[in-house]
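Beneath this line is the structure, given in structure tokens, with notes to follow.
On a predicted model such as this, the values are computed, not experimentally measured, just so you know. Naming convention: chains lettered A, B, ... in sequence-line order (proteins, then strands); numbering from 1 in each chain.
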Protein chains: 2
Amino acid sequence: MSRWHRTATGHKGGDFPMYVEPSGQDGEAEAGHDPSPCASCAVRADAFCGSLAAPALGELHRLGRKVRLKRGQALIWQGAESTLVGNVLEGVLKMSAMSRDGREQIVGLAYPADFIGRPFGKNSRQTITALSDAHLCVFSRAAFDSFATGHAGMGEALLRRALDDLDGARRWMLLLGRTSAMERVATLLLDAAERLEGAAGKTFALPFSRQQMADILGMAIETVSRTMTRLRDGGVIALPGGRQIAVRDRNALREAAGG
Amino acid sequence: MSRWHRTATGHKGGDFPMYVEPSGQDGEAEAGHDPSPCASCAVRADAFCGSLAAPALGELHRLGRKVRLKRGQALIWQGAESTLVGNVLEGVLKMSAMSRDGREQIVGLAYPADFIGRPFGKNSRQTITALSDAHLCVFSRAAFDSFATGHAGMGEALLRRALDDLDGARRWMLLLGRTSAMERVATLLLDAAERLEGAAGKTFALPFSRQQMADILGMAIETVSRTMTRLRDGGVIALPGGRQIAVRDRNALREAAGG
DNA sequence: CGACACCTTGACAATCCTCAATGTTCGTGG
DNA sequence: CCACGAACATTGAGGATTGTCAAGGTGTCG
């Protein structure tokens, strides 16, 4: 019954201790000019903190720090005390669950403006790992919890986000349970293109390896590869090499994704 | 590419308009004796409202009403304005998503004490249907939202619950993406037994049909049936007939579920 | 240029789905 | 109470998709 491939999430420079940079060190955050550095944050409009007014925002900012992760570095290990929460500023992270016998399933992706971690109480049962070099804005859970408790709007904003995540997870379940390899790959590519493609049809870098795509989609790496090849041969996408990709025929891709 | 079975969720007496019973009609809720009927609620200890103190509880109670659903009746239709939220008091419900071409995937189950519906803002994209006769305590979303906003603890309790659901959804994704038919069926049976079995080894009624199990687990009805037969032949479970089931060898079942 | 990780391709096998037929349960009405 | 029919469940045969194993190709970095 154990027919599962090890997921060999072999990352080149993986799992170094992470480099933490205290907030207010980035030049822009020095006192004086910019009392609320969050104001210039690229993801503020889309992130949970967008709902906060200036004073609360400043307070929150003082609790946070910035973290840079290199590709392959992990932020929260499965089972470990989950003491961090935060926002993704740049890059793509994966949330993965692993069963005792070593099978991995990626259970979520976090793109810029997405919230990660598990506030309030229980620990996360997921490991969070950077798929590309990433830049986060993190808070210790304890500090974040008490801040959130003290600010009425926050609970609602976080809840809204959690419920959105839940909707997303459930759509993904539909994908995992009821779709063919082609539909899965096409859906993932469509999603990635929407988030990462500069302009329609433009070439961009896929942030995942084939192995990671396989882990995300719940299939074997070879099937992913074959499916990509089929899409390329059909003129739907172009694969200039490396991890580059371009969507050539968006409608066909949408079609392949199942409507 | 369209190799999917229609899910033929044919329910015998399905989709009647639901019968709504105003709160405070149940005999026990009459004024006088029992100022807070919630106190005698079977699921209060486990439900989100368990965190509320008496006065708030009374207020909440006045907003709610009880709803009974017959097996097969739907509470919230996919795409429709989601105007209800609530708690399951008794029975089992399913949350399902359906793609345009008619494939159904059940994306969640709600057992007693579970919260259903989508408070705050956006509409649910799921349909909620009773798998067995069910008994709920529901609130209109508008009333519930304003109540929750006005009570500090509520947001946090709801968030906690949403995050738990999210964890659950993600475990389920691991199931859908990375496990064999046997593991899926065994996991579902184990879960159902834990929630519904009176005592260990006792016979109880499975609340789902084979078709529903197939929709939950993302597989074909025949595969479910064959897998159940294998479990029976292996002495792991007993199937006395009807929808009855008993777990004979819990360890073997746990083993089959993948550890 | 060589080593290494990553990706692609092929052949084969296994699981699971599809189609089809038969058996069982349950509710209804005679 | 029994007979009938409809929905539900089981079983079998065959085939399609996907996983597994294996080999070779491509790209990247020192």
Whole-Å distance separating the [atom1] atom of [X] from the [atom2] atom of [N]:
{"X": "Ile237(B)", "N": "dT10(D)", "atom1": "CD1", "atom2": "C1'", "value": "14 Å"}
{"X": "Met182(B)", "N": "dC16(C)", "atom1": "CE", "atom2": "P", "value": "10 Å"}
{"X": "Arg184(B)", "N": "dT15(C)", "atom1": "CZ", "atom2": "P", "value": "14 Å"}
{"X": "Leu176(A)", "N": "dC16(C)", "atom1": "CG", "atom2": "C1'", "value": "17 Å"}
{"X": "Leu217(B)", "N": "dC16(C)", "atom1": "CG", "atom2": "C1'", "value": "14 Å"}
{"X": "Gln244(A)", "N": "dT26(D)", "atom1": "CD", "atom2": "P", "value": "18 Å"}
{"X": "Arg230(B)", "N": "dG12(D)", "atom1": "CZ", "atom2": "P", "value": "14 Å"}
{"X": "Arg178(B)", "N": "dC16(C)", "atom1": "CZ", "atom2": "P", "value": "14 Å"}

* To do: Could I get the full list of ring-ring contact (aromatic ring centres under 6.0 Å, His included) partners for Phe115(B), not counting sequence neighbours?
  => Phe48(B), Phe144(B)
* In chain order, what residues pass the side chain to side chain contact (heavy atoms under 4.5 Å, CB included) check against Asp133(B), with sequence neighbours excluded? ->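 If we apply the side chain to side chain contact (heavy atoms under 4.5 Å, CB included) test to Asp133(B), skipping adjacent residues, the hits are Lys70(B), Arg71(B).
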* Asked: Thr187(A): what forms a side chain to side chain contact (heavy atoms under 4.5 Å, CB included) with it, not counting sequence neighbours?
  ->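 Expected list: Leu175(A), Ala257(A).
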Show every donor-acceptor pair shorter than 3.5 Å between a side-chain atom in residues 235-249 of chain B and any protein atom, with sequence neighbours excluded, or say none if there are none.
residue, atom, partner, partner atom, Å
Asp249(B), OD1, Asn251(B), N, 3.3
Asp249(B), OD1, Ala252(B), N, 3.0

* Spell out, as yes or no, whether a donor-acceptor pair under 3.5 Å connects the side chain of Ser225(B) to the backbone of Ile221(B). => no
* Summary of side-chain hydrogen bond (donor to acceptor under 3.5 Å, both in side chains) pairs that have at least one residue in residues 192-208 of chain B, sequence neighbours excluded -> Glu197(B)-Arg250(B)
Give each protein N/O atom lying under 3.5 Å from an N/O atom of nucleotides 7-11 of chain C, with the pair distance.
residue, atom, partner, partner atom, Å
dC7(C), OP2, Arg210(A), N, 3.1
dT8(C), OP1, Arg210(A), NH2, 3.2
dT8(C), OP2, Arg210(A), NE, 2.6
dT8(C), OP2, Arg210(A), NH2, 3.4
dT8(C), OP2, Ser225(A), OG, 2.7
dT8(C), O5', Ser225(A), OG, 3.1
dT9(C), OP2, Thr229(A), OG1, 2.7
dG10(C), N7, Arg226(A), NH1, 2.9
dG10(C), O6, Arg226(A), NH2, 3.4
dA11(C), N6, Arg226(A), NH2, 3.4

